[in-house]
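See below for the structure under consideration.
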Amino acid sequence: MRDPGRRSRLIAGGLLAAIVGLSAWLRWPGFTQGGFASHDVAGMLYEAMLLRDGALPYVDSIELKAPGTFWLAKWLAGSKGTDIARFQVWANLWALATLGVLARIAWRLWGPTAAVVAAGLYALHDAHLDSMDANYVTWAQLPLVAGVGAALCVPPGGDGARSRRRTLAWWVAAGVLTGLATLCKQPAGVGMVAVLGIAAWPHEGGVVSRRARVLAVLAGIVAAHLPIALRYAVAGELRTLWEGYAWNRWGARYISYGGEPWGMGAVREGVLATVHFVVLPLSLAVTAVWPPRDPVRWRQWWGLLLWSLGTLAAAWVGLRFYKGYFLAVSAPLCLWAAAPWGLLGRAARVGRVVRCVLLVPTLLLVLRQGAVLEHQRADRARPHDQGGRVIAKHVRRHSEPGDRIWVWGWHLWDVYPLTGLRSASRVYKSLGLLTPPNDDTWRRPATRLRFSDGPAAQLLLEELRANRPVWIVLGSTVPRGEFEALTQLLREDYVRDRRVRLGRVQFWQRRDRADAERAKRREE
């Protein structure tokens, strides 16, 4: 006797394999382009360089990003932690794994059809929202989706100690995974809140109490943070980790210095950005927001609600509404759209005619998203770091292993990993330190940079004078003229190098090294 369920599972499996294959094809530039699509990724590789040298982020650098990606770069970006091409390959494999995990969650919750719907919708968005890049959002997404998904999929417990241990293990795993997501990107901490909220929801017929579930999640979160915390504790820098990762004053300034002033204008921008980036799953998820008739589904509804609201709030923080922030929002929305009580589900609360009418715009939105993906694919296929590579080639040619350099300009951070040379100052990044945090938004360019005098500028000058970098490279948009003390330092100890012309980028070589090079050329 044939099993009709087996046939549907095979069809769904084939469709899911096709979706993953198509997503891999769309991401091909991310596998092959091998450069810096975002200069933020250079920060990860720089911190990986510190770790390779036995130094520590936050201690030997001023950093506002979460530390998990620094260790990922150390492990995945080659033996020196600077191989951007290898790191990008791993990032895109990581993103494909996220797609697979999301499909698995939908399958376990609602069956093979839901898995195909959720995966198909997610594959129409993720390669665009993460830019096929190794940025923080990509690394946080896999453990975030897996962690909240584990909490949604906890199996019903039976009688006995073994079943209790199995259920608790699921909750611990959910805590570990969402803790790891937070270690990759602080705003992903909303996943921990969502999992705790799901654990606190009354579980029908559960053998594990609410208190035990919550404590298991908390234990998992602590376990995720323990290895890095011990690393800093051994170095006597546990407080520095706390101040850099959990409560970072530079990060707080970044959040408070938003792209939009708070008010109805900011709310309007947030709504427009949300609709612009995730309108397709959002339109399909609207009817699923109402609680399902089946009480068994209420916990799933509650978990999706917490997950959606948390990621949406995180995407709005800072009022910049960058597209990458909405990658986290897309996952729960795609699950909403695949839910049985949603517009595409068998238990939809609207009639067939109304459903067909509502689904007509969906076809247009699918075509729109296909065009968006094609544009992203073409953009990702072209190099975005040619200027940094030209600078790095010149600096590396006239440097020696172990030399220190310093660059000023967001688009120049690539130079550190491309040369393998560390910064002469802990102030290796400038945004929010030497200049105000960036104020551009999802559709508005940033204003002209201006110099911000303060503790970071004073620290920079002290360390530049003490460490005397061989090269100082200034970007075309930095306000050097406003930083008079830096200008004085350059006049005293550096020579302007004009051998490379790259727009308005300025190369300053330490005077004694420039004199030695000239003397060597005369001898030759």
Tell me whether [X] contacts the main-chain N or O of [Y] through its side chain, where contact means a donor paired with an acceptor under 3.5 Å.
| X | Y | value |
| --- | --- | --- |
| Y325 | V137 | no |
| T82 | G78 | no |
| Y46 | S61 | no |
| E47 | F70 | no |
| T69 | L72 | no |
| R368 | L363 | no |

Whether the [X] and [Y] side chains hold a donor-acceptor pair (N or O, under 3.5 Å, no angle test) is what I'd like checked.
| X | Y | value |
| --- | --- | --- |
| S131 | K323 | yes |
| W110 | Q300 | yes |
| Y322 | N438 | yes |
| N248 | Y254 | no |

Run the salt-bridge test on [X] and [Y] with the 4.0 Å N-O cut-off and return the result as yes or no.
| X | Y | answer |
| --- | --- | --- |
| R27 | D126 | yes |
| D385 | R389 | yes |
| K429 | E63 | yes |
| E269 | R443 | yes |

Within-4.5 Å side-chain heavy-atom neighbours: [X] and [Y]:
| X | Y | answer |
| --- | --- | --- |
| W139 | L76 | yes |
| L99 | I19 | yes |
| W28 | M132 | no |
| V176 | I221 | no |
| R108 | P155 | yes |
| T287 | W341 | no |

* **Six-ring centre of W25, R377 cation under 6.0 angstrom, axis tolerance 45°** =>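 Yes, R377 sits over the ring of W25.
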* Would you check if the distance from the ring center of W442 to the ring center of F277 is below 6.0 Å? =>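 Yes.
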* Does F36 have any ring-ring contact (aromatic ring centres under 6.0 Å, His included) partners at least two apart in sequence or in another chain, and if so, which? -> none
* Only counting residues at least two apart or in another chain, list the ones meeting side chain to side chain contact (heavy atoms under 4.5 Å, CB included) with E482. => R448, R450, F451, P479
* Under the ring-ring contact (aromatic ring centres under 6.0 Å, His included) criterion, do F321 and W316 qualify, and how do the steps go? -> CA-CA 6 Å; F321 314 114; W316 281 37; 5.7 Å; yes
* State, to 0.1 Å, how close A103 and L16 come at their nearest heavy-atom pair, and which atoms those are. => CB-CD2, 3.9 Å
* Structure fact -> Closest non-hydrogen contact found for C184 with Y136 is O-CD2, 3.7 Å
* Name the orientation class of the two ring planes belonging to W301 and W336 (parallel below 30°, tilted from 30 to 60°, perpendicular beyond 60°). => perpendicular
* Plane angle bin for Y428 and W413 - parallel if under 30°, tilted between 30 and 60°, otherwise perpendicular ->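 Tilted: the ring planes of W413 and Y428 meet at 30° to 60°.
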* Testing T98, T311, N135, D130 for side-chain contact (heavy atoms from CB on, under 4.5 Å) with L327, which one passes? -> D130
* Taking it one step at a time, do F326 and H125 satisfy ring-ring contact (aromatic ring centres under 6.0 Å, His included)? -> CA-CA 10 Å; F326 289 90; H125 292 81; over 10 Å; no
* So which of D83, T32, D133 actually passes side chain to side chain donor-acceptor pair (under 3.5 Å) with Q88? -> D133
